[in-house]
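To start, the structure under review is shown below, and the notes come after it.
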Amino acid sequence: MYINKRIRLSALMMLASFCAVQSQQIFISNTHNRTFTSLNGKWKYVLDPYETGQIGFMPVYKNSKPEDKSDRVEYSFDAAQTLWVPGSWNTQKPELTYYEGSIWYRRTFDKPDISNAKRYFVYVGAANYNSTVTFNGKMLGKHEGGFTPFCFEVTELIREKDNFLIIGVNNSRSADQIPSKVTDWYNHGGIIRDVKLIEVPSTFVSNYFISLDKSTLLLKTKRLSGKLQLSGLKLPEKARVIIPELNIDKEISISSDGVGNFSIDVKNLVLWSPENPKLYEVIVEAGRDKMKDLIGFRTIETKGKQILLNGKPVFLKGISLHDENPLRKDRANSEDDARLVLGWAKELGCNFIRLAHYPHQENIVRMADKMGILLWEELPLYWGINWKNPEVLKKAINQFTGLINRDYNRASSIIWSIANETAPTDARNAFLTAVAMHIRSMDSTRLLSAACKKDQATDGHPDNDYTISDPIIQHLDIISFNEYLGWYGGLPDACRKKTYHSGIDKPIIVSEFGGGALQGFYADSLTRWSEDYQEYLYKENLAMFDKIDGLAGMTPWILADFMSPLRQLPDVQDGWNRKGLVSEKGLKKKAFYVLQKYYMTK
Ligand code: GCB
């Protein structure tokens with residue numbers, strides 16, 4: 001149970017060596033509420049399976065065209081086909097179904113004519129997995145990670161007419177990436193989220209962090225604390241934070257590095273909660289920049305085995321989710337997609353969703369803020385990560401930094417989860433300890449967890465009392481574990497004899513359990529793949545988990561069937577993981593109603 005000093009020290013050293021080299025790229029948050037031109041739509045594309053797009057005879061980012069009839073150019077964006085952005089390339093063209101490699105996308109546009117902006121940025125919500133971004137023939141930079149946003153400044157390069165943005169995206173899997181080579185989800189390639197041309201004044205608020213101080217929760221006058229980050233050469237001395245409904249208009253001093261720390265006393269603050277998801281309009285003003293956001297204020301803590309939301313115990317009635325719209329067979333990438341799945345979750349009686357296994361689209365987090373649904377967010381630190389490579393740790397830190405920068409101000413998001421089903425070793429423990437320390441250094445307004453494995457029974461004897469003693473739980477606020485009793489081991493009635501404990505005074509979440517069922521296949525409770533088997537499995541599992549001392553919530557696996565190349569059983573799976581409570585056509589299975597009924601009692 002005890003993480004020794006050696007592991008903590010090596011985590012610290014890993015972190016220190018990384019911080020020294022971390023790049024200072026600007027992060028622009030709240031792009032939903034800034035002035036922008038959408039670059040979504042049809043993009044021309046050139047396939048590059050042998051990855052010669054930056055070298056050799058096909059430097060596609062130059063967007064060359066033959067100058068006369070004897071000129072040789074061996075690609076043509078103008079004559080190329082199109083892909084829709086945002087979207088998975090695999091599901092748009094039959095010939096790309098299982099394509100893993102490089103594709104170059106091109107979008108041309110003119111400078112927005114009514115713009116009086118001083119600076120322009122190209123912003124990409126996410127592109128899976130490695131991106132090379134070029135603009136008007138110049139290399140802007142690269143981004144690694146399939147689910148976090150990135151942006152590059154194009155102020156010096158933009159022209160009135162015929163700008164061309166060319167982005168090379170490569171979704172090849174590799175052992176030193178996050179995720180690593182094998183996952184139980186579809187490797188949707190391409191530009192999967194919105195692309196925007198953002199316009200800002202020469203000095204602007206690039207990001208801000210605002211939250212309710214836990215220490216003032218029980219006081220009549222509460223305190224909001226935070227930080228503004230400005231970008232620009234001529235920084236103003238002061239900025240303002242305005243919350244009209246609370247009669248707040250606070251002047252904030254800006255330091256020479258563009259940072260403004262503040263705390264504001266507020267009376268009559270209505271706290272955000274699932275029952276009353278109260279959001280306030282918050283305006284941040286600095287020089288000519290003025291930006292609005294909708295922000296809720298809440299606290300989240302643990303006390304012994306309880307999770308406290310705004311100081312009161314909460315049971316997390318959850319469900320797991322992938323970032324797909326199964327009806328469209330695509331990555332989710334719009335408010336409509338978010339509304340669809342959150343609607344199913346609400347109908348199920350949920351107040352909580354596990355956004356598995358990587359950062360989901362920002363729309364769902366913003367919609368959860370509005371609908372009053374709590375969220376667990378995570379990175380794909382999932383099966384088979386190369387813990388020994390310090391470069392992989394840098395990638396994890398970068399991805400978490402991007403996610404925290406994006407979602408810090410979202411009240412719905414309450415848990416950062418640092419791993420899923422990873423086996424304890426010294427290298428893994430040091431890696432995850434460093435990740436946990438990094439998150440805590442950026443964000444003290446959320447809880448930490450990880451979906452752990454329970455201990456294996458020893459000597460081949462089935463153990464009826466399982467423990468979760470993964471050493472990483474020392475660094476977490478909540479102990480979570482995945483358990484597939486009745487599916488990957490035994491039949492559902494095996495649940496009757498099992499119990500679980502951690503031996504630690506912390507809350508427990510069952511982060512996964514479930515079994516597969518083909519919607520519409522009815523048989524009896526012992527016939528695999530039938531809705532009856534899944535229904536039976538849910539009943540037995542729920543009765544078993546209900547007995548856990550300190551159970552504070554659960555996120556059964558999973559709300560909807562999802563695409564996975566691991567799942568090839570003909571006429572049953574056909575490329576889909578069937579553990580959903582809703583089918584890919586949107587039809588509910590019997591187990592949906594078992595869980596719904598259980599949540600009514602909670
Ligand atoms: C798990 C994984 C999840 C899989 C699931 C399954 O433990 O965390 O990614 O999809 O099991 O269906 O087997």
Side-chain angles (χ1 to χ4, degrees), residues 128 146-147 173 177-188 318-324 326 331 341 353-360 376-385 415-424 428 432 449-456 466 468 470 472 478-492 495 500 508-519 528-529 531 533-534 537-538 541 545 553-569 572-584 589 591-592 595:
N128 189 33
F147 304 97
R173 288 168 294 118
Q177 294 183 169
I178 304 172
S180 183
K181 283 193 120 165
V182 180
T183 63
D184 186 13
W185 67 83
Y186 200 85
N187 183 22
H188 293 285
I319 191 74
S320 296
L321 181 72
H322 266 292
D323 196 26
E324 254 179 17
R331 278 270 170 246
V341 289
I353 297 184
R354 175 181 178 194
L355 301 181
H357 280 298
Y358 41 75
H360 285 216
W376 152 313
E377 298 199 69
E378 68 188 72
L379 286 198
L381 287 165
Y382 177 101
W383 305 355
I385 294 291
I415 295 171
W416 299 127
S417 173
I418 60 171
N420 179 76
E421 290 186 349
T422 58
R428 173 276 204 176
L432 290 183
S449 195
C452 299
K453 298 180 179 191
K454 67 174 193 285
D455 298 357
Q456 296 299 320
Y466 285 125
I468 302 109
D470 184 329
I472 200 65
I478 300 171
I479 299 166
S480 304
F481 69 99
N482 297 351
E483 169 62 305
Y484 281 91
L485 197 59
W487 187 254
Y488 290 129
L491 293 173
C495 294
Y500 300 80
I508 294 181
I509 289 181
V510 180
S511 37
E512 283 180 33
F513 72 89
L518 180 65
Q519 187 278 321
R528 283 268 166 175
W529 308 111
E531 285 200 31
Y533 188 104
Q534 191 191 40
L537 181 145
Y538 263 70
N541 271 266
F545 294 132
M554 57 174 70
T555 50
W557 193 254
I558 183 168
L559 182 61
D561 289 353
F562 60 96
M563 298 170 70
S564 172
L566 289 192
R567 311 293 174 173
Q568 295 294 347
L569 183 65
V572 175
Q573 296 177 316
D574 299 316
W576 290 82
N577 183 314
R578 293 286 179 207
K579 296 191 188 71
L581 297 178
V582 178
S583 77
E584 86 277 24
K589 305 179 192 174
F592 182 98
L595 187 61

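Order of appearance sets the numbers: ligands from 1, and atoms from 1 within every ligand.
Residues Y484 and F513 keep their aromatic ring centres 6.0 Å or farther apart. In this structure, H360 has its ring center at least 6.0 angstrom away from the ring center of F147. Residues W557 and H357 bring their aromatic ring centres within 6.0 Å. Less than 6.0 angstrom separates the ring centroid of W487 from the ring centroid of W529.
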Begin from the C-alpha positions of W576 and E584 and carry the test side chain to side chain donor-acceptor pair (under 3.5 Å) through to its verdict.
-> CA-CA 9 Å; W576 290 82; E584 86 277 24; 4.5 Å; no
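In this structure, ligand 1 sits under 4.0 Å from heavy atoms belonging to D184, H357, Y382, N420, E421, N482, Y484, Y488, E512, W557, F562, R567, N577, K579.
For K454 and F481, the positive end is not near the middle of the six-membered ring at less than 6.0 Å and at most 45° from its axis.
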